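Below you'll find the structure, written out as structure tokens, and then a few comments.
Bear in mind that the values here come from a model prediction, so they are computed numbers and not experimental data. Start at 1 and go down the list; that is how both ligands and their atoms are numbered.
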Amino acid sequence: MRITIIGAGFSGSTLATLLASPRDDAPEVCLVGTPATFGSGVAYGEARQEHLLNVRARHLGMDPEHTGDFADWLSLGERGRDGFMPRIAYGDYLRDRLKTAVEQSSNLTCIDQEVIAVERTLGGFRVYLADGGQFFSDRVVLAPGALPPQRLAGVGPRLARSERYIGWPWQEDAIDRIPPDARVLLVGTGLTMADVVVSLRRRRHQGGIVAISRRGLLPRSHLPQPSEVVALPPRVLYALRAGDLHALLAALRSLATAVVDWRALVDALRPHTQAFWRGLSPVQRARFARHLRTHWETFRHRLAPQVATELEALLVSGQLQVRAARLLRAGVVEDGIEVLLRGRGQAQAQVERFDFMVRATGLDTDIERTTHPLVTHLREAGQIRADPLGFGIEVDEDFSVIDNAGRAVSGLYCLGPLLRGHLWEITAIPELRDAAGLLAQRLMARERSAPGGAASTPRWPLAAQFENTR
Ligand SMILES: Cc1cc2nc3c(=O)[nH]c(=O)nc-3n(C[C@H](O)[C@H](O)[C@H](O)COP(=O)(O)OP(=O)(O)OC[C@H]3O[C@@H](n4cnc5c(N)ncnc54)[C@H](O)[C@@H]3O)c2cc1C
């Protein structure tokens with residue numbers, strides 16, 4: 001039995017470490033990922049020193065049964081465990097844990113290659129690598145993370161190709177290209193915007209920074225110390241179970257003024273959000289996405305307190321302006337970028353000039369519009385299809401992908417942010433870790449119940465090349 005995991009970011013690496021085993025009869029696990037971010041993924045592999053995790057260290061262990069493992073790995077004391085560590089340190093932790101899993105197991109192999117195609121074949125799948133290699137796998141897990149960022153609507157092709165447009169702010173040197181006196185437009189006012197602003201500040205940026213989004217809402221901040229945990233009252237639990245969004249909102253509004261810290265309330269809802277989302281009808285989900293999503297995200301995905309303080313300083317000084325506005329058009333002009341912006345509630349759009357523009361709109365998960373080679377191939381072959389809201393890949397309860405005829409594809413699974421249409425709350429470590437734990441259990445249960453059970457295919461030569469990965 002061979003299980004191939006495509007994508008060696010947080011999700012793929014966590015699943016691989018959970019399936020790693022010293023037993024000779026354990027299923028063979030093959031983790032295939034792109035070399036640049038092997039073992040850590042984009043969020044923790046391409047981070048800079050100033051980019052902080054937005055979850056307290058004590059909750060970030062890779063193993064669902066040992067959530068304190070990251071804090072232990074850093075040898076943090078009780079106070080430090082509530083702190084917000086650099087994301088780059090988390091990348092080191094993930095790679096270290098994967099390396100240990102490879103060393104201590106007899107069934108885990110790593111291949112630093114891009115997978116360009118997966119085809120169904122008798123009893124399983126053929127996996128095609130970018131270097132021309134191919135192999136058979138009984139099961140395949142798609143864990144490619146979020147999709148490459150699409151060009152922003154309104155941005156002309158010349159601007160999209162120019163140095164002045166930064167479509168992927170985590171790319172090495174992307175922010176370093178911006179001269180200190182440049183006037184910068186950030187499209188997006190969420191966590192990505194915060195990353196970019198903090199990096200500009202580290203580089204002693206002097207020019208004005210304007211951040212826009214439709215509502216102009218900024219993420220809220222964590223408190224330096226966690227608040228006391230609150231238990232949800234029966235009224236809220238009832239509304240959650242009944243899938244009654246109206247009743248839930250009404251209950252939360254009245255509770256928010258009664259609890260000491262609203263953050264504790266949001267955190268108490270977190271274990272219920274996936275089940276609640278799954279209980280909503282497609283129409284209710286669409287309504288939530290239209291009207292409440294942005295508000296929910298500002299309360300739910302919060303900034304580390306240090307980052308919030310830095311943003312506040314720039315807002316107070318006037319160097320950073322946050323506006324509720326829409327980008328209608330943007331193009332290159334002789335000495336910069338000309339944009340057409342319409343402020344929220346305003347009839348007239350206004351032309352403004354900037355030197356650089358950064359796309360800071362967050363994770364892209366729309367598989368219909370993507371240029372991601374493997375995802376495009378699978379979609380065109382009809383092996384996967386988009387969920388109705390375009391939030392990711394449609395799957396069943398077991399995370400098996402659904403093909404374009406509406407049938408679950410036996411043995412082909414999805415993990416990571418592309419499960420957003422199914423689970424909604426699936427972009428942060430705690431939820432991703434639980435999903436990996438659940439899929440590991442399901443794969444092991446299937447493997448145990450399969451006729452003949454264990455490894456019958458020849459073993460792979462060990463291709464783990466951690467020295468070559470960052
Ligand atoms: C900048 C950023 C900061 C974040 N910060 C936090 C945080 O502080 N706290 C938190 O809880 N969450 C955070 N998140 C959210 C979440 O933790 C990440 O999105 C998470 O790392 C997703 O893990 P993943 O493995 O599913 O995807 P990724 O980390 O994106 O990994 C996917 C990997 O698969 C590879 N890949 C893709 N296609 C192929 C292919 N065809 N063949 C081989 N390999 C492929 C990619 O190159 C990548 O290495 C952050 C996300 C981002 C983007």
>> Once ring pair (Phe, Tyr, Trp, His ring centres under 6.0 Å) is applied, do any residues pair with H222, and if so which ones, sequence neighbours excluded?
In response: F84
> Which residue pairs satisfy the ring pair (Phe, Tyr, Trp, His ring centres under 6.0 Å) criterion with at least one member in residues 375-395, sequence neighbours excluded?
Replying inline: F391-W424
> Hey, which residues fall under 4.0 Å of ligand 1 on heavy atoms?
Replying inline: I6, G7, A8, G9, F10, S11, V32, G33, T34, T37, G41, V42, A43, Y44, L53, N54, V55, R87, Q113, E114, V115, A143, P144, G145, W170, L363, H372, L374, G416, P417, T427, A428, I429, L432
> Less than 4.0 Å between a side-chain N and a carboxylate O, is that true for R126 and E119?
Replying inline: no
>> Students often mix this up, so state it plainly: with edges at 30° and 60°, are the rings of F70 and W73 parallel, tilted or perpendicular?
In response: parallel
>> Test of understanding: with side-chain hydrogen bond (donor to acceptor under 3.5 Å, both in side chains), list the residues that count as partners of T365, not counting sequence neighbours.
In response: R420
>> Between D387 and R285, is the salt bridge (charged side-chain N to carboxylate O under 4.0 Å, His left out) condition met? List the steps.
In response: CA-CA 12 Å; D387 72 273; R285 288 181 185 186; over 6 Å; no
